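First the structure, in the form of structure tokens, and then the observations on it.
The first residue of the sequence shown is numbered 1, and numbering continues consecutively from there. Atoms within a ligand are numbered from 1 in the order they appear, just like the ligands themselves. All figures in this text were calculated on a predicted structure; none of them were measured in a lab. Computation of the quantities below employed the complete heavy-atom set of this structure, encompassing side-chain atoms and omitting hydrogens, waters and symmetry-equivalent molecules.
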Amino acid sequence: MKRPLIAVLTAAMLCGPLASLTAHADDVRSRMIRFGYGLNENSNQGRAAKLFADEVAKASDGKLKMRTFGAASLGSDDQMQNALIGGAQEMMVGSTATLVGITKEMAVWDTPFLFANEKQADAVLDGPVGRQVMDKLEEKGLVGLVYWENGFRNMTNNVRPINTLEDFQGIKLRVMPNPVFLETFKLMGANALPLPFSELFTALETKAVDGQENPFNTILSSKFYEVQKYLTVTNHVYSPWIVTASKRWWDGLSKTEQGIILEAAKKARDFEREDTRAEATKALAQLKEQGMEINEISPEQVQRMREQAKPAIQKVIDTVGEPLFEQVQAELSKTGN
Ligand code: TK8
């Protein structure tokens, strides 16, 4: 029997897109996720990225396929952030410090000597104020998922060991492209130059810069010991990494898909922090073995650094606003030590 065309069309409309929208709204569809990061595959960042991708695949029965791209092969932190905003890349992990040009509130984590230990960092970053800063990304086209640990940053250079504040004088120092870092090291007397991480090894090798600052793990996994002689334990700031997604892409995911990715990001965070801390305890000895000359700066000199850095703290306050800065201080005081 021939059915009237109108009936066929109506039936098709009902069972077609509309029906599939309602009945399968929470389905997990086959998707490819490009996850970029700046460090080598053989680093704390690379290991956590791999675990993240594995978890996403497992929890989605292989439907969500996350491909990881290390060593800034998709671009520097800045370039990837812009690719996420434009929707040309799905996800990444990078330093919060490289996001300040997009979301100024991120500068609160750049406050010199903000956290005294990892416990404080976890409590504040995973608490309400950490969430609040992360949520600020949305209006700029990014979705923040979790903070991972980059770690406490330490100085390396080829000019001299840093024993006193005066030893920073004139050292050509690469800093992250971030106004607070630039200001902090100018205040120390260094000749601070902003440069993307992806260009750092070459800059050190060709002596375009004399030094840089990063956690022990990164100094090791990026082989900076091959091109740097002195390492000074300054612990001048705790540096978080943040896992972000393109909002344009994220908003097109089902709730189930978003949930799978968020859960996997949390598992990867817990793994990453543990792995990073375990590696950090061994990294110093390994860097020594590789021939680096290591010294610790005295508490008196750290105190002088803190004093000297005060205008940089004021710069953070001017950038993020007093209320947010005070909120972080309030959260910090709850953590004790
Ligand atoms: C990696 C960077 C790195 C950071 C830096 O892409 O730039 O020095 O510490 O971890 O985000």
Side-chain angles (χ1 to χ4, degrees), residues 34-49 52 68-84 89 91-103 106-107 109-110 112 114-115 121 125 137 142 144 146-157 172-182 184-185 190 192-204 208-225 227-228 231 234-244 268-269 272-273 275-276 279-280 283:
R34 282 159 296 182
F35 183 80
Y37 60 95
L39 267 58
N40 297 322
E41 241 175 80
N42 184 16
S43 67
N44 52 338
Q45 205 176 40
R47 288 188 291 275
F52 185 23
T68 58
F69 296 83
S73 56
L74 295 183
S76 64
D77 283 10
D78 280 23
Q79 288 166 329
M80 289 194 285
Q81 286 152 13
N82 287 325
L84 260 57
Q89 182 184 329
M91 294 191 73
M92 65 171 287
V93 63
S95 285
T96 54
T98 56
L99 273 167
V100 169
I102 293 169
T103 296
M106 285 287 161
W109 313 130
D110 301 331
L114 181 66
F115 299 132
L125 291 167
L137 292 168
L142 294 169
V146 286
Y147 295 99
W148 287 1
E149 173 159 302
N150 187 356
F152 282 99
R153 300 179 79 92
N154 294 290
M155 275 282 302
T156 70
N157 84 97
K172 247 195 272 166
L173 185 76
R174 175 270 176 176
V175 292
M176 290 189 277
N178 168 294
V180 181
F181 275 81
L182 190 63
T184 303
F185 284 99
L193 306 161
L195 200 69
F197 184 82
S198 48
E199 291 169 33
L200 179 51
F201 187 92
T202 307
L204 293 168
V209 292
D210 304 316
Q212 63 88 44
E213 42 84 52
N214 252 300
F216 299 146
N217 296 358
T218 299
I219 300 169
L220 189 64
S221 63
S222 295
K223 297 193 162 59
F224 290 160
Y225 55 80
V227 287
Q228 293 280 271
L231 191 166
T234 45
N235 289 321
H236 50 270
V237 69
Y238 176 94
S239 188
W241 280 325
I242 184 169
V243 175
T244 50
R269 171 194 67 198
E272 194 270 349
R273 284 180 179 162
D275 178 53
T276 297
E279 187 184 84

Would you mind listing each N/O atom of ligand 1 next to any protein N/O under 3.5 Å, plus the distance?
{"from": "ligand 1", "atom 1": "6 (O)", "to": "Asp77", "atom 2": "OD1", "distance (Å)": "2.7"}
{"from": "ligand 1", "atom 1": "7 (O)", "to": "Arg174", "atom 2": "NH2", "distance (Å)": "2.9"}
{"from": "ligand 1", "atom 1": "8 (O)", "to": "Arg153", "atom 2": "NH2", "distance (Å)": "3.0"}
{"from": "ligand 1", "atom 1": "8 (O)", "to": "Arg174", "atom 2": "NH1", "distance (Å)": "2.8"}
{"from": "ligand 1", "atom 1": "8 (O)", "to": "Asn214", "atom 2": "OD1", "distance (Å)": "3.3"}
{"from": "ligand 1", "atom 1": "8 (O)", "to": "Asn214", "atom 2": "ND2", "distance (Å)": "3.0"}
{"from": "ligand 1", "atom 1": "9 (O)", "to": "Asn150", "atom 2": "ND2", "distance (Å)": "2.9"}
{"from": "ligand 1", "atom 1": "9 (O)", "to": "Arg153", "atom 2": "NH1", "distance (Å)": "3.0"}
{"from": "ligand 1", "atom 1": "9 (O)", "to": "Arg153", "atom 2": "NH2", "distance (Å)": "3.4"}
{"from": "ligand 1", "atom 1": "9 (O)", "to": "Asn214", "atom 2": "OD1", "distance (Å)": "2.7"}
{"from": "ligand 1", "atom 1": "10 (O)", "to": "Asn150", "atom 2": "ND2", "distance (Å)": "3.4"}
{"from": "ligand 1", "atom 1": "10 (O)", "to": "Trp241", "atom 2": "NE1", "distance (Å)": "3.0"}
{"from": "ligand 1", "atom 1": "11 (O)", "to": "Asp77", "atom 2": "OD2", "distance (Å)": "2.7"}
{"from": "ligand 1", "atom 1": "11 (O)", "to": "Ser95", "atom 2": "N", "distance (Å)": "3.4"}
{"from": "ligand 1", "atom 1": "11 (O)", "to": "Ser95", "atom 2": "OG", "distance (Å)": "2.9"}

Which pair of heavy atoms, one from Asp210 and one from Gln228, lies closest together, and at what distance? O-NE2, 3.2 Å

If you take all heavy atoms of Trp241 and Glu272, which pair is closest and at what distance? CZ3-OE2, 3.3 Å

Identify the heavy atoms of Ala283 and Phe216 that sit nearest to each other, and give their distance. CB-CB, 3.7 Å

In chain order, what residues pass the ring pair (Phe, Tyr, Trp, His ring centres under 6.0 Å) check against Phe181, with sequence neighbours excluded? none

Residues Thr98 and Gln81: side-chain donor-acceptor under 3.5 angstrom: yes

Minimum-distance pair of heavy atoms, taken over all atoms of Trp148 and Gln45: CZ3-O, 4.1 Å

